[in-house]
Amino acid sequence: MALIVQKYGGTSVGSSERIKHVARRVARWQREGHQLVVVVSAMSGETNRLLALAREIQAHPDPRELDVMVSTGEQVTIALLSMALMDLGLTARSYTGSQVKILTDNAYTKARIVNIDEENIRRDLSEGYIVVVAGFQGVDAAGNITTLGRGGSDTTGVALAAALDADECQIYTDVDGVYTTDPRIVPEARRLKTITFEEMLEMSSLGSKVLQIRSVEFAGKYRVKLRVLSSFEEESVGTLITFEEDGKMEQATISGIAFNHDEAKITILGVPDRPGIAYQILGPVGDAGVDVDMIVQNVGQDGLTDFSFTVHRSDYVRTLEILKPVAAHIKAREVQGGDKIAKVSVVGVGMRSHAGIASTAFRTLAEEGINIQMISTSEIKISVVIDEKYMELAVRVLHKAFGLEQPA
Ligand code: ASP
Ligand code: MG
């Protein structure tokens with residue numbers, strides 16, 4: 001008998017039919033002798049609908065009230081799923097985040113889980129109940145309802161699995177796992193049987209938005225066995241997210257090609273090359289709460305250098321505004337920028353032990369005449385910033401160049 005946490009996303013519970021389907025799947029696992037804790041999202045579209053409704057009333061909705069309201073989406077689905085399970089003759093009981101209690105800090109709309117009280121859940125499980133928990137929500141120490149940020153139900157699932165020391169956390173979604181890249185761009189993209197946590201973090205932060213990134217960090221930290229699989233396919237085994245040391249032998253060199261076109265690039269030209277300049281430029285940007293991703297600075301010549309970095313596209317205009325006075329103050333020549341860029345990354349833990357990955361990537365892009373504007377690397381990834389209009393081409397040729405369509 002295993003203790004399994006299953007999480008079903010919005011599309012998996014998007015209609016009463018879908019909810020009944022989920023109930024039948026949960027029932028099957030229970031019949032096989034397992035204990036089940038099921039975390040659900042709101043019905044698909046519901047969270048967006050609620051957020052839009054709030055904005056009709058208040059242009060910048062009060063965060064506390066927003067969480068009170070937006071958490072109702074999940075409260076609906078836990079009750080409906082419990083009813084569906086009862087209809088199959090099973091005993092089930094639903095819990096909101098505060099009923100569990102999933103204690104969070106008090107950062108409304110992006111709260112972090114501090115502690116989970118698993119006592120009620122354990123008692124119910126031992127009495128044969130299927131426990132259904134609302135994803136995405138918690139309660140702070142003062143009793144206020146909080147939410148965990150968009151996609152937060154994944155984190156609820158993983159956190160519960162960690163707290164309960166579950167045998168596996170299964171995330172059911174509308175894709176049947178993690179792919180070598182987006183199949184809409186490369187039809188030959190392959191589902192990965194396994195991917196390491198570190199690769200998954202790169203893949204999700206770089207745009208393969210299968211899981212909320214925080215849930216992956218959580219799973220890595222607490223060593224939760226995490227699997228992503230489809231709720232629409234009966235026999236899917238999905239993708240297992242592993243630890244590097246578990247699967248070294250079978251590890252392919254490159255696991256996937258990730259991409260992202262949510263960024264913008266800013267360059268400050270003719271910056272005096274002296275100590276403290278990077279801080280003078282990025283200090284005010286950081287103080288304004290803008291996250292900086294790639295940073296590139298040239299070797300200075302004639303006492304001058306160019307300094308480039310990327311920010312989220314929605315922060316682009318604001319960052320330019322912040323930098324204008326800064327550039328004048330440090331006597332830089334000019335601030336330039338562009339938001340028609342894309343970042344494409346080659347990701348794989350096997351890179352650590354293989355030379356020549358970067359040159360293969362650069363040659364492949366050169367052969368297509370794609371100009372690389374920025375490069376950054378880590379032990380397990382190589383990222384390039386290119387013109388947005390070549391993004392799909394770059395993904396396709398890199399996917400082919402690394403033989404990712406071939407089963408590993
Ligand atoms: N319902 C929330 C959202 O749409 C949380 C989730 O689905 O994970 O972001
Ligand atoms: Mg989701």
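We count ligands from 1, going down the list as the structure has it; atoms in each ligand are counted the same way. Index from 1, following the sequence.
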Original post:
With sequence neighbours left out, what residues match F197 under ring pair (Phe, Tyr, Trp, His ring centres under 6.0 Å)?
Top reply: F243
Original post:
When only distance counts, is S41 in polar contact with ligand 1, meaning an N/O pair under 3.5 Å?
Top reply: yes
Original post:
Near R313 CZ, under 6.0 Å, is it more than 12 heavy atoms from other residues, nucleotides or ligands?
Top reply: yes
Subject >> Polar contact flag for D154 and ligand 1 (N/O pairs, less than 3.5 Å) >> reply: no
**OP:** Would you please say whether a donor-acceptor pair under 3.5 Å links the side chains of D124 and Y95?
**Re:** yes
Original post:
Short N/O distance, under 3.5 Å, between G151 and ligand 1?
Top reply: yes
Original post:
In ligand 1, which numbered atoms sit nearer than 4.0 Å to a non-hydrogen atom of R150?
Top reply: 3 (C), 4 (O), 9 (O)
Original post:
Against heavy atoms of S153, which atoms of ligand 1 measure under 4.0 Å?
Top reply: 5 (C), 6 (C), 7 (O), 8 (O)
Subject >> Whether G10 lies under 4.0 Å from ligand 1, heavy atom >> reply: no
Original post:
How about E119: does its CD atom have over 12 heavy atoms from other parts shown lying under 6.0 Å from it?
Top reply: no
Subject >> Which segment of E74 sits under 4.0 Å of ligand 1 when only heavy atoms are counted >> reply: side chain
**OP:** State which residues pass side chain to side chain donor-acceptor pair (under 3.5 Å) with T47; sequence neighbours excluded, sorted by chain then number.
**Re:** none
Subject >> Any Q212 heavy atom less than 4.0 Å from ligand 1 >> reply: no
Original post:
For Q137 and E74, what are the C-alpha separation, side-chain angles and deciding distance, and is it a side chain to side chain donor-acceptor pair (under 3.5 Å)?
Top reply: CA-CA 8 Å; Q137 53 175 265; E74 275 73 9; 5.0 Å; no
